[in-house]
Amino acid sequence: MPPFRTLGPIALAALTLIAACRPAPEPPPPEIRPVRVMTVMKLAAGQTVSLTGTVQAQTEVNYAFRIDGRMIDRPVRVGDAIKPGQLLARLDASNEESGLASARAQLASAQAQAVEARNNFNRQKELLAQRFISQAAFDQITANLQSADATVISARSQVELAQNRVSYTRLVADAPGTVAAVGAEAGEVVPAGRMVVQAARKAGIDAVFDVPAQIKDRAPSNPEITVALTTDRNVTAKGRVREVSPRADPVTGTFKVRIGLIDPPAGLRLGSTVTGIMRMETPAAIEIPGSALVRAGTQSAVWIVDPKTQTVVQRPIRVAGHDAERVVVAEGLEAGDVIVTAGVQALHSGQKVRPLGAAK
C-alpha cells in the first residue's frame with residue numbers, strides 16, 4: 001500500500017482530537033431590558049384637594065306664563081337687575097280682554113235677572129200673605145230667585161277667572177335679582193310653562209363643584225373651604241358645604257356639591273370660574289403610578305429593582321385606594337424602594353434591567 005494512503009485515517013483522527021480539545025461556545029449574555037423606574041417616597045400626613053367650579057346663585061327662578069299666547073314684549077335682557085313688581089314680559093291680551101268683556105256682560109245680565117226675580121218674589125210674598133196665590137206657586141217663585149242668585153255667583157266667578165287670565169298676560173318679578181338667561185323673544189308664540197326669563201335671586205351665591213366619589217367619601221363632615229377666583233387668586237372667600245347631591249352624574253360619576261360663600265367679594269360674580277381648596281386630614285401614605293401595578297394571582301404586585309444586581313423581583317402589595325392615575329399603597333413598600341413604572345408586562349423574576357430614569 002502506498003504511504004499516502006495510510007496518512008488519511010491518521011490525519012482524520014488528529015483533526016477529530018483537535019476539535020474535541022476546543023472549548024465549548026459561551027452562552028449568549030442575558031437580555032437586559034430597559035425600564036422606567038421611580039424611587040418610592042412616603043407623602044406627609046394631610047392632603048390639600050383643589051377642584052375647579054363655577055359661581056352660581058343659591059336660588060334661580062324660571063319665570064314662565066301660565067297661559068299660551070304670542071309674546072309681544074320682553075323689556076329685560078341678560079345681566080339686567082330686576083326688582084319686585086317689574087314687568088319682565090307681556091303677551092298679546094286681545095283674546096283675554098275680549099273674554100273679560102264677555103264675562104262682565106254675562107254678569108250684568110245675571111244681576112238684572114236676579115233683581116227681577118227678587119222683585120217678583122217680594123210681590124208674590126205679599127199676595128201669598130193675602131192668600132191670592134197658592135203655596136206651590138210661591139215655592140216656584142222662590143226657586144227662581146235662588147236660581148237667579150246662583151247664576152250671579154257663577155257669572156261673578158267667571159269675571160274673576162277672566163280678570164286672572166288678563167293678569168296672566170303680564171310676567172312680573174316677585175323678588176330682586178339679576179336676569180341670568182332668557183328663553184323666548186318678542187314675536188314668538190310661547191306655551192304655558194316655558195321658561196321666558198331665568199333670574200338669579202340676591203339671596204346669596206354658591207360655588208358649585210363636580211366632586212369625585214373618593215374625595216366626597218373621605219372629606220371631613222363640615223370642612224372649611226377656601227374659594228378663589230381662578231384668574232386672580234387674591235380674590236377669595238370662605239365657604240361651607242350647603243348641599244350635596246345624593247345621586248352621581250350618570251356620565252362623569254361625580255357628585256354636585258354647592259358651597260355657600262360667606263361675605264363674597266365683588267370679584268366673585270355669577271358665572272366666574274373658581275378654584276376650591278380643602279384640607280383633608282389623611283395619614284402618611286405611599287403613592288405610585290397606576291402603570292406600576294401587575295397581578296400576582298389574586299393580589300396586586302410591583303416589580304422591585306435590586307440596585308446592586310440590577311435585577312427585578314415581584315413583590316405583593318396591598319392597595320388602600322386609587323384613582324385614574326395614582327394608587328395609594330397600604331402595605332408592601334417602604335420609602336427608598338425602587339420600582340418599575342413602565343415596561344412591567346415584559347419582565348420576569350431575576351431579569352436584568354437597565355433603568356431609563358425616574359418616573360414623574
Side-chain angles (χ1 to χ4, degrees), residues 51-93 95-96 160-211 225 227 229-230 235 237-252 254-274 276:
L51 294 173
T52 301
T54 58
V55 175
Q56 298 180 13
Q58 286 189 359
T59 305
E60 291 183 345
V61 178
N62 291 334
Y63 288 100
F65 290 107
R66 299 187 186 186
I67 59 175
D68 302 341
R70 178 175 175 271
M71 192 171 72
I72 59 176
D73 188 21
R74 198 206 68 225
V76 296
R77 297 177 296 179
V78 175
D80 288 352
I82 58 176
K83 57 186 179 181
Q86 181 176 345
L87 178 67
L88 303 179
R90 185 162 55 94
L91 295 177
D92 183 359
N95 292 339
E96 283 67 29
E160 292 178 358
L161 290 176
Q163 288 175 336
N164 287 340
R165 287 188 63 87
V166 171
S167 67
Y168 293 160
T169 62
R170 293 171 55 86
L171 198 58
V172 178
D174 61 349
T178 304
V179 177
V182 294
E185 298 293 335
E188 293 186 42
V189 176
V190 293
R194 176 182 171 182
M195 187 273 286
V196 175
V197 174
Q198 184 182 78
R201 291 186 172 174
K202 290 186 176 181
I205 60 175
D206 289 341
V208 182
F209 301 93
D210 292 323
V211 179
I225 300 169
V227 177
L229 191 65
T230 302
V235 180
K238 297 293 184 181
R240 294 286 184 181
V241 176
R242 195 176 67 83
E243 181 181 308
V244 179
S245 174
R247 181 178 300 176
D249 185 278
V251 177
T252 62
T254 57
F255 294 81
K256 191 171 293 296
V257 177
R258 303 183 73 95
I259 307 298
L261 301 183
I262 303 170
D263 296 329
L268 291 176
R269 301 181 180 88
L270 296 178
S272 301
T273 302
V274 293

Asker: What heavy-atom pair brings A266 and R269 nearest, and what distance separates the two atoms?
Answerer: O-CG, 3.3 Å
Asker: Which value, rounded to the nearest 0.5 Å, describes the distance between L229 atom CG and L268 atom CG?
Answerer: 6.0 Å
Asker: Is V257 close to E243 at the side-chain level, that is, under 4.5 Å between some pair of heavy atoms?
Answerer: no
Asker: How many angstroms lie between CG in L87 and CD1 in I82, if you round to the nearest 0.5 Å?
Answerer: 11.0 Å
Asker: Show every salt bridge (charged side-chain N to carboxylate O under 4.0 Å, His left out) that has at least one partner inside residues 58-72, sequence neighbours left out.
Answerer: none
Asker: Which atom names give the shortest non-hydrogen contact between A180 and V78, and what distance separates them?
Answerer: O-CG1, 3.8 Å
Asker: Mind checking whether Y168 and E96 have side chains closer than 4.5 Å, heavy atoms only?
Answerer: no
Asker: With sequence neighbours left out, what residues match E185 under salt bridge (charged side-chain N to carboxylate O under 4.0 Å, His left out)?
Answerer: R74
Asker: Using side chain to side chain contact (heavy atoms under 4.5 Å, CB included) as the criterion, point out the one residue from I67, I72, L171 that pairs with L91.
Answerer: I67
Asker: Can you tell me how far apart OG1 (T52) and CZ (F209) are? Round to the nearest 0.5 Å.
Answerer: 8.0 Å
Asker: Minimum heavy-atom separation for Y63 and A199, please, with both atom names.
Answerer: CE1-CB, 3.7 Å
Asker: R77 versus V182: any side-chain heavy-atom pair under 4.5 Å?
Answerer: no
Asker: Using the side chain to side chain donor-acceptor pair (under 3.5 Å) rule, collect all pairs that involve residues 186-209, keeping only residues at least two apart or in two chains.
Answerer: Q58-D206, N62-Q198, D174-R201, E188-R194, D206-R242, D206-R258
Asker: Could you please spell out the steps behind the side-chain contact (heavy atoms from CB on, under 4.5 Å) verdict for D210 and K256?
Answerer: CA-CA 5 Å; D210 292 323; K256 191 171 293 296; 3.2 Å; yes
Asker: Verify the neighbour count for atom CZ of R170: are there more than 12 heavy atoms of other residues, nucleotides or ligands below 6.0 Å?
Answerer: no
Asker: If you take all heavy atoms of F65 and V190, which pair is closest and at what distance?
Answerer: CD1-CG2, 3.9 Å
Asker: Side-chain contact test, heavy atoms from C-beta onward, threshold under 4.5 Å: evaluate it for V196 versus L88 and give yes or no.
Answerer: no
Asker: So, taking the atom named CD1 in I225 and the one named CD1 in I262, what distance separates them when rounded to the nearest 0.5 Å?
Answerer: 10.0 Å
Asker: Heavy atoms only: give me the nearest A237-P265 pair and the separation to one decimal.
Answerer: CB-CD, 3.9 Å
Asker: At their closest point, which heavy atom of A57 faces which heavy atom of A200, and how far apart are they?
Answerer: CB-CB, 3.4 Å
